[in-house]
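Comments concern the structure below.
Since we're looking at a predicted model, the values are computed, not measured. Sequence lines set the chain letters: A, B, ... in the order given, protein chains first and strands last, and positions in each chain run from 1.
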Amino acid sequence: MVDFKAIEEKWKTEWERQEAFEANADPGRKKFFVTFPYPYMNGYLHLGHFYSIMRTEAFARYKRLKGFNVLFPQGWHCTGSPIESAAKRIREKEPGQWKTMKLSGFSEQETGQFGNPEHWTEFFPKTAKQDLIDLGMSIDFRRSFITTDLNPQYNRFIEWQFRKLKEKGYVVKGNHPVVWCPKDNTPVGDHDRVEGEGETPKDFIWAKFRMKHSDLIIMAGTTRPDALLGQTHIWIDPQGEYVVAKVKGEKWVVGKEAIRKIEQQFAKPEIIGSITAGELMYKWAQGPLVGYETTIIPAAFIDATVGSGIVYSALEDPVDLMEMQHIQAQPEIARSYGLDPEVIAKLKPIFIIDVEGLGENLGQEMLDKYRITSPADKKKLEDAKGELNRVVFRKGVMNKSCGRYAGMSVPQAQEAIKKDLIKGNDAVMFYELTGKAVCRCLTECIVKVVSDQWFLHYSDEEWKKVAHECLNSMRLYPEKSRQQFNYVIDWLQNWACVREYGLGTKLPWDRKWVIEALSDSTIYMAYYTLAHLIRDENPEDIDDSLFDYVFALKKDPPKNGKKIRSLEAMKKEFGYWYPMDFRNSGKDLIQNHLTMCIFNHTAIFPRKHWPQSFGVNGWVTVDGKKMSKSLGNFILLKDLVQQAPVDASRITILSGGEGLDDPNWDSEFAKACPAKLEGLTELCLGHHGKGRADMLSADHWMESTLHLIIRDATTFMDELMFRSALQKIFFDLPKAMRQYLRKTSSSPNRAIMDAAITAQIVMLSPFAPFLAEELWQKTGGKGLVAHARWPAYDEKKIDEKATYIDDMLSSARGDIDAVLHLAKISKPSTVTLLIAHPWTYDLVKLVKEQLPETRNPGDILKAAMATPLKQHGAHIAKLVPKLVNNPSMLPAAALSQEQEQHAFAEAKSLYEDELKCPVEIVRAQDSTHPKAQQALPGKPAIIVT
RNA sequence: GCGGAGGUGCCGGAGCGGUCAAACGGGGUAGGCUUAGGACCUACUGGCUUAGUGCCUACGCAGGUUCGAAUCCUGUCCUCCGCACCA
């Protein structure tokens, strides 16, 4: 029995005692710097963290074995609102939060402590570190740190970074709409909502229709500014309550409900008075973009409480068109409102959009298609409107009547018109939520336009260009993810980088703002290089000039340079370790963190310090199901460490997947894994240092196989394909060693067996470091296996023939069994193997050579007939088509008859042992048996009696 | 809707024009080795056949290109990830 837990304790202690993973600048050695994004400290680490960090860890250990000086640091992220919100909910005794804490195993008293946000930043980093130590991560923990102003040195670093960005013009001021909780006075992200996940502010245009003979302006909302080009009239709600409000010096007519929105999103309005629908009806107004006036018409389907309470119509959509047709068919309705039916009768759609495959009257086409005859067909009307909007948006083109917008696609025209109207004071921008959203405090959210907001200027075209350059120079694992990165660089808009709420660093020039969590984590990898040194410096002495100096951006020594004891050491560390060589995370971080990391590196650092490579991976599932607390399959690392041997867990998680696919934690595999590790232990310890000195063909086979496995495993490790590497290392190699022992009756060549065992231990160490250390020590390895050398392979030692002979012998063995079975002979008295005629070897060689040229049996046959093989023409004519159709019959390596005979002769005694009867190896030309003709190279004919 | 990644056997997944009924692993069945085993070994795990290496049906669905397609092309359906101010 292997006592895994004892081994873990032993080596954890030993690694710490030897400071095995503390890496320092050493200019004489090549370096490799890997990172994993610091996890957010609002809870325990779980299986999801484990997978991404294991990819980093396995790569770090591999690079160490390849002779690199490897730095793998780890920090803890505390910036942002979740910790502060949760602490607040605890203080307010919010039952849901208390229950969550209880489920996480905290007592009431402990939970009370979490009412203080700082407690989170002390408690969870501690547990996270312990988890990672227990899991055998080869991390340099001297360099760990937490973020926010709770860490004054890091705080200085972030301040420096932001001043730097601002200097270079990458931080700009602007307005931005957010989903907002009026009670908490804070933006409400998806995860902070009890209802309305995914709802987002959608922009509307409120177009200004100036009333004739009046200074009133009708504000008509729309999502389709393009339709203004075909405006026909204005709709109002006959039952609606309207008001006149003074906004920025103008008198707006809007629905009463709209006042609140104006206040939240635009400017403080002053209500001058109310106005009824009746007073508005049949008045004329001048809308934007066109040279004619339109009139105001009531319609039952308009709701004064939605949007601005007023809309305009172009009769382009089926709902409007149906309503209008309804009104036109009943002139008495118009008359009852005091409208002139003749004016109404003249209203018809103005065509402005061409859609391929549709006529010009789009609304009518839809009405016909859906067979709608009445405004009461609400469901059908909605569907028809939906379909039309989609098709117009995708395929619509503004027609030649549209002036400067003619020829534009509909989305293009919408953007252009929006811009022009706002610029010309013909419209203002408003936002509506796409649906109801409710904050965790149970308050319904609104849209608020945050003004004076600071943004990182990711929309800057020049900046995007440089970001692309950086990406182009990077290695990505897997390469497939590049498309997504390219897309995100282009798609990223200005990023609101500060908030009014949460933990973090205060914006240095505007202290009411706190720098937001993604924005303070873009270039912090540079901080790792000096975290352990700067920690001991007085924050008072740390200023921008220090960072400029140690990051080699300016030559001038810092102002307080004399007071900074580790100044030169920091500069040296940064200069040695940067750039970062590899960073791995889940694929969800492509769209923000990783891309922002690229942007900000290019903004601050010179090209030589840009990131070198990123790895991205999928999301962990447990036995094929998404990991979630409600499903009860949420695995925390602190529990995992208790429950199973760590080495087994590490292997299980990495063999769960690779690439961008979601990796799966397979419980069955996890259960079976420790036993497999025990078997491997027996195999290594039981055969190390034993064996003979002479070389037999089985030894050549083992040597060849070993080098082949090392070669493949090395390729996979280089590509970060850990599952494939594990297949070679954890499955194929032990299997080969066992076969080897069997072939040699447990008397292997000592040097070869030892080489295999050593390779096994070293190659296993990135995955199962604890057991590997133990085996390394027990087999007499010097120092730690963590610092050993990855086995080299020798292409010359890879002998295709050796592998082929092995396959040939075992497939012949299988064929013997098949024949025995078919012949219903359980105890044969003799088995004879007839080795193929010498000329068949020539034929097979010829076919193999011809195959890449032609697949036509006739041509190959002709080629064969041109050689001395001609004398076997009859056989060849039959054989060639067979071989062409089934190339698997062709041997993988070319042997001569003598070599094949020799190989079988060597295996003879093994066969005899297994079959318990004499085995004869006979050349076909020495036999008169008719089956002798059937024999092919690698496929001897078999006769059993 | 937009962008990305995928759909292969009981399961996880290799394969990405011919050597594919499909690597490797898991699970299952039968047997072996063992005091015992969760180690290790052997066979079977789409169907049918046979003193042997053969045939048929299969790689989401429907077409196409090719002497030949799981692999290339077109269409279609389905699944997953992201779409922001949030870690």
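- Residue whose closest nucleotide on RNA chain B sits further toward the 5' end, between A:Val498 and A:Asp666: A:Asp666.
- Side-chain proximity of A:Gln591 to the nucleotides B:A87, B:C83, B:G82 is greatest for B:G82.
- Residues A:Tyr477 and A:Phe614 keep their aromatic ring centres 6.0 Å or farther apart.
- Rounded to whole Å, the distance from NZ on A:Lys587 to P on B:G3 is 18 Å.
- Rounded to a whole angstrom, the distance from the C1' atom of B:G12 to that of B:A22 is 15 Å.
- Set against B:C24, B:A87, B:A5, the side chain of A:Asp732 has B:C24 as its closest nucleotide.
- Among the nucleotides B:G52, B:C85, B:C24, the one closest to the side chain of A:His176 is B:C85.
- To the nearest angstrom, C1' of B:C24 lies 10 Å from CZ of A:Phe716.
- Between the P atom of B:G26 and the CZ atom of A:Phe730 lies a distance of 9 Å, rounded to the nearest Å.
- A:His593 comes within 4.0 angstrom of no nucleic acid atom, judged by non-hydrogen atoms across all strands.
- Counting atom types as modelled, A:Asn42 pairs no side-chain N or O with a base atom of B:A87 as donor and acceptor under 3.5 Å.
- Per the geometry, CG belonging to A:Asn617 stands 12 Å off C1' belonging to B:C81, to the nearest Å.
- Atom name C1', nucleotides B:A51 and B:C61: the rounded distance is 43 Å, in whole Å.
- A:Ser519 comes within contact range of no nucleotide atom at all, as no heavy-atom separation falls under 4.0 Å.
- Only the P atoms considered, B:G64 is 15 Å distant from B:A58, to the nearest whole Å.
- Every side chain to side chain contact (heavy atoms under 4.5 Å, CB included) that A:Pro674 has, sequence neighbours left out, goes to A:Phe4, A:Pro645, A:Ala648.
- Between B:G17 and B:G13, the two P atoms lie 22 Å apart (nearest whole Å).
- In this entry the distance linking CD1 of A:Ile83 with C1' of B:A87 reads 10 Å, nearest Å.
- With sequence neighbours excluded, the residues satisfying ring-ring contact (aromatic ring centres under 6.0 Å, His included) with A:Tyr38 are A:His77, A:Tyr524.
- Residues passing the ring-ring contact (aromatic ring centres under 6.0 Å, His included) test with A:Trp180, sequence neighbours excluded: none.
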Contact list (N/O, under 3.5 angstrom) for nucleotides 13-16 of chain B vs protein:
unit_1 : atom_1 : unit_2   : atom_2 : d
B:G13  : O3'    : A:Arg723 : NH2    : 2.9
B:A14  : OP1    : A:Arg723 : NH2    : 3.3

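- For A:Lys385, there are no side chain to side chain donor-acceptor pair (under 3.5 Å) partners two or more places apart in sequence or in a different chain.
- Within the nucleic acid shown, A:Leu726 has no heavy atom closer than 4.0 Å to any nucleic acid atom.
- The gap from the P atom of B:G25 to that of B:U76 amounts to 41 Å, rounded to the nearest Å.
- The salt bridge (charged side-chain N to carboxylate O under 4.0 Å, His left out) check on A:Arg723 picks up nothing, with sequence neighbours excluded.
- Residues satisfying the side chain to side chain contact (heavy atoms under 4.5 Å, CB included) test with A:Lys676, not counting sequence neighbours, are A:Phe730, A:Phe731.
- Base contact: A:Leu518 has a heavy atom under 4.0 Å from a base atom.
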Checklist entry - Nucleotide by nucleotide, 5' to 3', does protein get under 4.0 Å of the base (B), only the sugar-phosphate (S), or neither (-) in nucleotides 29-42 of chain B, counting heavy atoms? => result ---------SSSS-

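- For residues 481-491 of chain A, the salt bridge (charged side-chain N to carboxylate O under 4.0 Å, His left out) pairs, not counting sequence neighbours, are A:Glu479-A:Arg482.
- OP1 or OP2 of B:C81 has not a single side-chain nitrogen or oxygen of A:Gln484 nearer than 4.0 Å.
- A:Tyr487 has its OH atom 14 Å from the C1' atom of B:A5, to the nearest Å.
- As rounded to the nearest Å, B:G15 and B:C85 have C1' atoms that lie 43 Å from one another.
- Among residues two or more places apart in sequence or in another chain, the side chain to side chain donor-acceptor pair (under 3.5 Å) test is passed with A:Asp666 by none.
- Of the C1' atoms belonging to B:G9 and B:G28, the separation is 14 Å, rounded to the nearest Å.
- Here A:Gln453 lies out of heavy-atom contact (under 4.0 Å) with every strand.
- Counting non-hydrogen atoms under 4.0 angstrom, A:Pro940 reaches a base of the nucleic acid.
- Taking only side-chain nitrogens and oxygens, A:Ser724 never comes nearer than 4.0 Å to OP1 or OP2 of B:C24.
- Per the geometry, CG belonging to A:Leu834 stands 15 Å off P belonging to B:G52, to the nearest Å.
- Among residues at least two apart or in separate chains, salt bridge (charged side-chain N to carboxylate O under 4.0 Å, His left out) pairs with a member in residues 733-746 of chain A are A:Lys743-A:Asp806.
- Although no hydrogens or angles enter the test, the distance criterion places no donor-acceptor pair under 3.5 Å between the side chain of A:Glu658 and the main chain of A:Leu720.
- Rounded to an integer number of Å, the gap from CG of A:Leu594 to C1' of B:C81 is 14 Å.
- In terms of heavy-atom proximity, A:Val616 sits nearest to A:Leu594 at CG1-CD1, 3.6 Å.
- Looking at A:Trp495, A:Tyr458, A:Phe485 one by one, the single match for ring-ring contact (aromatic ring centres under 6.0 Å, His included) with A:Phe599 turns out to be A:Tyr458.
- Atom name P, nucleotides B:C59 and B:A69: the rounded distance is 12 Å, in whole Å.
- Taking every heavy atom of both residues into account, A:Pro39 and A:Gln74 meet most closely at CD-NE2, 3.5 Å.
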Checklist entry - How does RNA chain B look in dot-bracket notation if pairs are Watson-Crick or G-U with both distances under 3.5 Å, crossing ones as [ ], other-strand ones as |? => result ((((((((.[[[..)..(.....]]]((((((.......))))))(((.....)))...[[[[[..)....]]]]])))))))....

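- Of the candidates B:C85, B:G25, B:A87, B:C85 carries the atom nearest the A:Ala496 side chain, counting heavy atoms from C-beta on.
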